[in-house]
Structures are given as C-alpha cells and as structure tokens.
Amino acid sequence: MKPSAKINLIRNIGIIAHIDAGKTTVSERILYYTGRSYKIGEVHDGEAVMDWMPDEQERGITITSAVTACQWKDCDIHIIDTPGHVDFTIEVERSLRVLDGAVGVFCAVGGVEPQSETVWHQADKYLVPKIAFINKMDRIGADFLRAVDMIRNRLNANPLLIQIPMGQEEGFKGVIDLIHMKQIVWDTDAPDSQIHTDDISDKYEEAAIEYRDQLIERVAEVDDDIMELYLEARPVPTDMLIAGIRKATLALKLVPVLCGAALKNKGIQPLLDAVVRFLPSPVDVPPVSGHHPETGEIVQFFAKEKGPLVALIFKVSMMEGRKLSFVRIYSGTLNANSEVYIPSYKKKEKIARILKMHANKRERIESAGAGHIIGVVGLKDSSTGDTLCDAATPVLLEKIEFYKPVISISVEPKTRDDQEKLDQVLAKLMDEDPTLHVKQDPDTGQTLLSGMGELHLEVIISRMKREYNTNVNVGKPQVVYRETIGKDSAATAIFDKEIAGQRHFAEVALKLRPLSRGEGNRFRSKLPAGAIPDIFIPAIEKGVTEALEYGELMGYPVVDVEAVLTGGSYKESTGSEIAYKVSAAMACREAFQKGEPFLLEPIMDVEVFVPDTFMGEVIGDINSRGGKIESISSKADNQIIGARVPLSRMFGYSTALRSASQGRGNFTMKFSHFDKV
C-alpha cells in the first residue's frame, strides 16, 4: 500500500461505542471493502482481524485498541478499534488523544448506552469531530429516530440526518442519501452484494423531501452562504452542501448521522464516504501545542512533513518479547535508524525500525511523515505519554491522563521459577497498561495487583499465564485495618538493665489521648523542668513512634493518637538513649492497652452510575454491604448514587453491580477515611 502524497488525504479515526454496539464488526467490514482484508472476520467466530488477542477471541470483546491502515478513494485511513468495556476505558482515552476524528457506533435497539456516554464525552474532552453510525437496523426493536433522540438528549450533541433508513427490523433493505437525494439498496446480505443507487421510490419520496429540508435548514443555521440560498428558496448545490456539513462537523457544531446493519454488510460504503468527506485530515485540526522544557513557553507545530519532528507515544505493547511503541507523528518526518530526543528524560534514543501496523501484523517502512500513526521498535526507556522530538527544537506535549485503579487482588507465585519471573512480567504489563498498579503491602507482605475492574484483572492474570508462562495463585487481598484508643490513659515504665557490662536506666511517664479520625499521630512534651535532660527527648519520641507502628490488638498500625510526655526520672551516668527509647515504648504499649483499644477499617467513597430502572436494587445492595447512602442526583436517564462503604465489603462489587443493572451500571471508588469496625 503506497502512502498518500498529501497530508490532507489522511484520516486518523477511532471507532468508539458501548460494548456490543458492533464496533469491531464495522471495523472488519471497513477492512474488507477497502481491500485490506480478503475475507471478513466475525467476532462471534473468534476470527476478527482487529480482535487478535486470544483473550479477545475467547470472550468476544475488544480488550486492547488495535491500529490498522487502509485506503478509500485516494485517502489513507488509519483506524483504531477501541474497547467498549468500562474496564478498558484507558485504551479509549489514549486513542482519542491522538485521533483527529471518531465514528460513534450506536445500536438501533439499545440507543445510547452508559459506556457510549463515557467514550463520547472523552472525545468531547479532546475536541474530536464525530460522525454517528446507527447500527443493527435489521434487529427486532430497531428504532432509528429513537436512537437519534437519545444522541441529542443524552450526549448533548447536535445530530444531523444525512441518511434515513428504508424500513427497519426485518424490512430494512437500504438507505436514502439525503445529500444526493438517491436511494442505496443492497441486493443481498452477502459481503459481495451489488449496490444499486437509484432515484428515490414513491414510498419514501415524501419523507425524503421533508428530511432533506430539515437537513438544509440545520446546515443553514451555521453557514451564511447556504442560509442566503435557503431564505431565497433557491436550490443548494450538492458540493456547497457537503462543504457546509464538513465545516460544521469540524467546528463540532453538527454530528452527521448514518445508519446500516454491519453484520448484514449494509451501510459500510456510504460510511466510508462520510469519513472521507466530513472528518478532518491532520491539517484541518488545530496545530499541536506543548511547552518548551527549559523556558516553559507554549510552542505550536503545524502538520508539515518538512517541519521539526514532534510525535507522541500513546501506547506501549510487548510483541514477541520486544517493546513496540505506538506513535502519532504531528510534525516532521521520522526515519528508521535515526536518533530522537526525549525531553522528559533529557536523552536521545535510536529508532531501530518503523512499522506500518495492521492489528498484530506489521510491515516495515523506512520513514513516516506528519499525520501518520505507526509502530516504532528500538525505544528502551520511553513510555506512554512521552514526547519524541528534535534536540534542536525540544517540546513537551501534554501527558495522557490515567485513571486510578479501583479494585485489587493479591498474587503469589506458584513455583520458584514463577517467583523469579513474576517481577519482570508485572513490570512489562505495567509498561503496557498505565492503569495497572503493583505494590508490596508492607503490613501483609502480599503483592497487590490493582486495576480498573475484575474483568481487567482476570485478563491480566490470563495473559501472565498464556503469554509469559507465569502461574500465580490469586486471592482477595487482606484489608489493612488500623488500631486506635477510645479514652485517655496513662502509664509509667522503668527500664533498668545491665547491657555489655554497663548499667542503663530510664523512667518515662506518658499519657495517650484519642484524636479525631484522620488527624494522625502527635507527640508533645509537658515534662517538668529538669526531670529528664532535653538530649533524651528525641529518643523518647522515637520509642513512642516505633511502638505505635504495631498495635496491641492485632498488630496493625495505631492512628489518631496523641502521646504526651508527662514525667520521668534520670540517674547520672546510667541514663542512655537506648534506655529512654525502650522505656518510652513500654509505657506507650501499656497506656494503649488501658485506653480501650479498637479496630478501624478503611471506608471507601463509592459513586455508582445506574439507569433509573435499577436504582432500588442497587441501593438495597449497598445497604446490605453496610454502606451509607450520602447523595442521589440525576443526569439524563441515569442516577448517580454517592455512598460510603467499608472496603472489606466491596470485593466482587463490580460483578454484583453489573448483574443488578444488566451490565449498564458502573462505579468509581476511592479511599475516604478509617472508621470503627
């Protein structure tokens, strides 16, 4: 495939949607009709080109965003097929960061579903122009106009119908093109079905005229030239209408809406035409801006192949044991075997190879210019979000935002071999996936793996076994509690011992007082003058601090306690730092036992997003987990429930929520405070 000569003939698009709306099915048809694939791979058969990972094929879902390139009518189209599952939102986030346009795929039956809202608003955040494709028009319950209304009301978008369907459900046979006022009909459901473009039949003519008038009226609102013709009741030339729609789409004022049935191979060719006509090329979007790493001044770069090099790594993947970086070039040209500067590390790295990507297949190329999305091999230290540039014109592009993980599991190696590999494997997986966190819990000694949901972690464990041959036992992590006291208490301790032939003596009197939750621990001295020399106060404080690291109930750290040094005594020549430290620790432990100690557990701030229909069930479930509802607010047809729930009762919640809300609910969770068990 030859690269296109001009940057204005490149389209970088993402296919975004809720799980099961048909994104991958649409992508597969695009690859087939652009000649990139000789055969259509089906998701339900586990043969989709874009879902190449074994876990994707087994589960029938997209897990990782796959990049490919194809050609349609002289345009190079780079496509990223993104996941629809809430656990893999980061894949959508980092893809949208580098794309110029997006195709939102909606199910004609389900309309706008919760994850569609999430990904649509992610695209809004990056000011990405969009077109909408209402898929599954052949399904029972398909309702084109209802789906359009949901796009308008739920997404706060401004849908512009450039097609209407010819029938729906079993009667769906084609579309009416409102721009050219023609009907497009497919002979059969077969992939190589003949397309017939004819004059509109009498049955649909009245509706077509009505919707065409609405189309022109909507475009006239944002285009003065078309408004002039519209007010004078003169016909609007097709070229002028297309230019007006393109201008309004790029300005994020309108969202062209098309329809079809991807599984039945209907509607894909007009969708490709719309991508080329209405979505931006790299020269249509604002120049990329970043800041100079030394001076901090804002610098901008236009999409020119002869400009200085500016590129962003938006994803890192391990393929056949080698690190593959996915890069979007904004300006300049990247050459194989050349050096690039990475300002975040202040160092140069060598590009060994440049690859044109087609899902998990690769084609070597010698260079790639502005506007291209490519794979790069050879970068060792750089990671997701790093900028590549020329040393002479350094720039730092804005980093990609990552989500904080909400759920954890503990992992431990099954064998000694697994033990040796585990740290390396986890490091590689964290390189690929910034939402994956690994930490050693100092309190329990467990290795904790945290991610965006149970499915996310399931997939990671599966990949550890399948790709890296590392077996682990998986368990719920122990919740780390804290200990504190319920009332004031006091104790005195004397240390008087001979160590290595020398006598050590110290007497320390302490008071412990409970503090409010979240205040932490404090130490202060109310020592009468001359009782103990000041030189020993730091040793006493250290003894208290160390004693509070392990409570007397179950050995958890002690929090929210004030220790006050109230008295003690000192003997000349036998007083020592070690004696005062040990004596202070003994007094602290004794006072702690007298202070009615109790356990504190971590309480999480939980926000649940759920459609109205399932609210009662979800609130009941939160109450059954010992949670306390703090707030309920609504957004469109969704309710947002704010609650505080003990962490120990939140394991398995993502699965419970999905079953309680038919997969339409999702939640976020973050630590709030410790409270009494």
Side-chain angles (χ1 to χ4, degrees), residues 11 13 26 29-30 33-34 72-75 77 101 103-106 108 129-138 142-145 147-148 151 158-168 171-189 191 193-220 222-223 226 229-230 235-250 254-262 264-279:
R11 301 287 180 273
I13 63 161
V26 169
R29 268 69 189 168
I30 288 175
Y33 289 118
T34 56
W72 183 257
K73 297 190 175 170
D74 295 332
C75 269
I77 305 177
V103 176
V105 178
F106 300 94
K130 299 167 283 289
I131 57 179
F133 181 71
I134 296 175
N135 191 26
K136 304 191 180 183
M137 283 303 304
D138 58 319
D143 189 334
F144 176 71
L145 293 178
V148 172
I151 291 172
N158 204 349
L160 177 76
L161 305 190
I162 61 171
Q163 286 180 355
I164 54 171
M166 296 173 69
Q168 47 196 31
F172 177 71
K173 57 182 182 181
V175 298
I176 304 286
D177 177 351
L178 298 173
I179 295 173
H180 298 92
M181 285 303 272
K182 295 284 183 184
Q183 69 179 31
I184 304 169
V185 179
W186 286 262
D187 270 352
T188 64
D189 295 343
S193 164
Q194 291 295 308
I195 304 178
H196 299 283
T197 304
D198 301 307
D199 292 334
I200 298 168
S201 57
D202 296 345
K203 183 179 176 183
Y204 297 103
E205 192 168 11
E206 194 179 325
I209 290 167
E210 184 189 331
Y211 282 109
R212 160 87 174 190
D213 283 347
Q214 287 179 19
L215 166 70
I216 293 171
E217 187 181 333
R218 300 287 303 287
V219 180
V222 293
D223 188 298
I226 292 176
L229 295 177
Y230 177 70
V236 178
T238 304
D239 290 352
M240 183 188 266
L241 186 57
I242 289 172
I245 297 171
R246 177 178 177 77
K247 190 168 136 194
T249 306
L250 300 189
L254 293 172
V255 176
V257 179
L258 301 92
C259 60
K264 300 283 175 69
N265 308 299
K266 293 177 180 174
I268 301 300
Q269 297 94 332
L271 174 63
L272 280 163
D273 288 340
V275 165
V276 169
R277 280 185 192 136
F278 305 126
L279 288 181

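All values below come from the heavy atoms of this structure, side chains included, with hydrogens, waters and symmetry mates left out.
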Got L229 and M240 here, is their nearest side-chain heavy-atom distance under 4.5 Å? yes

For D189, side chain to side chain donor-acceptor pair (under 3.5 Å) partners two or more places apart: K266

Distance in Å, L271 CG paired with Q269 CD, rounded so as to fall on 0.5 Å steps: 9.5 Å

Exactly one candidate in I162, V275, I164 meets side-chain contact (heavy atoms from CB on, under 4.5 Å) with L258; the answer is I162

Let's go through I209 and M181 carefully: what are the C-alpha distance in whole Å and the side-chain angles of both, what is the deciding distance for side chain to side chain contact (heavy atoms under 4.5 Å, CB included) to 0.1 Å, and is it a yes or a no? CA-CA 8 Å; I209 290 167; M181 285 303 272; 4.2 Å; yes

With distance as the sole test, does Q163 use its side chain to make a donor-acceptor pair with the main-chain N or O of C259 at under 3.5 Å? yes

Start with the C-alpha distance between W186 and N265, add both sets of side-chain angles, then the distance that settles side chain to side chain contact (heavy atoms under 4.5 Å, CB included), and finish with yes or no. CA-CA 9 Å; W186 286 262; N265 308 299; 6.0 Å; no

L241 vs L215 side-chain heavy atoms within contact, under 4.5 Å: yes

Separation between CZ (R218) and CG (L160), nearest 0.5 Å, reads 6.0 Å

Rounded to the nearest 0.5 Å, what's the gap from CG on D223 to CD1 on I216? Could you check? 11.5 Å

Contacts of Q183 meeting side chain to side chain donor-acceptor pair (under 3.5 Å) (sequence neighbours excluded), chain-then-number -> S201

NZ of K264 to CZ of R29: how many Å apart, nearest 0.5 Å? 11.0 Å

Does a side-chain heavy-atom distance below 4.5 Å link L161 with F144? yes

Roughly how far, to the nearest 0.5 Å, is the NE2 atom of H196 from the CG atom of D187? 3.5 Å

Report yes if the side chains of P256 and I245 come closer than 4.5 Å at any heavy-atom pair, otherwise no. yes

Verify side chain to side chain contact (heavy atoms under 4.5 Å, CB included) between T197 and D177, making sure each step is shown before the conclusion. CA-CA 9 Å; T197 304; D177 177 351; over 6 Å; no

Search all heavy atoms of G167 against all heavy atoms of F172 and return the closest pair with its distance. O-CD1, 3.3 Å

Closest approach of F278 and I242, non-hydrogen atoms and distance? CE2-O, 3.7 Å

Please answer whether the main-chain N or O of L279 pairs with a side-chain N or O of R11 as donor and acceptor at a distance below 3.5 Å. yes

Just wondering, do D273 and K73 contact through their side chains at under 4.5 Å, heavy atoms? yes

Any salt bridge linking D199 with K182? Criterion: basic side-chain nitrogen under 4.0 Å from a carboxylate oxygen. yes

Does R277 offer a backbone N or O that forms a donor-acceptor pair with the side chain of R246 under 3.5 Å? yes

Between N135 (side chain) and V105 (backbone), is there a donor-acceptor pair under 3.5 Å? no

With side chain to side chain contact (heavy atoms under 4.5 Å, CB included) as the criterion, how do I13 and I131 come out once you've worked through the C-alpha distance, each side chain's angles and the decisive distance to 0.1 Å? CA-CA 10 Å; I13 63 161; I131 57 179; over 6 Å; no

Check whether any side-chain heavy atom of V26 sits under 4.5 Å from a side-chain heavy atom of V103, and report yes or no. no

Is there a side-chain contact between V219 and Y230 in this structure, where contact means two heavy atoms from C-beta onward sitting under 4.5 Å apart? no

Within this structure, what is the CE-OH distance for the pair M166 and Y204, rounded to the nearest 0.5 Å? 5.0 Å

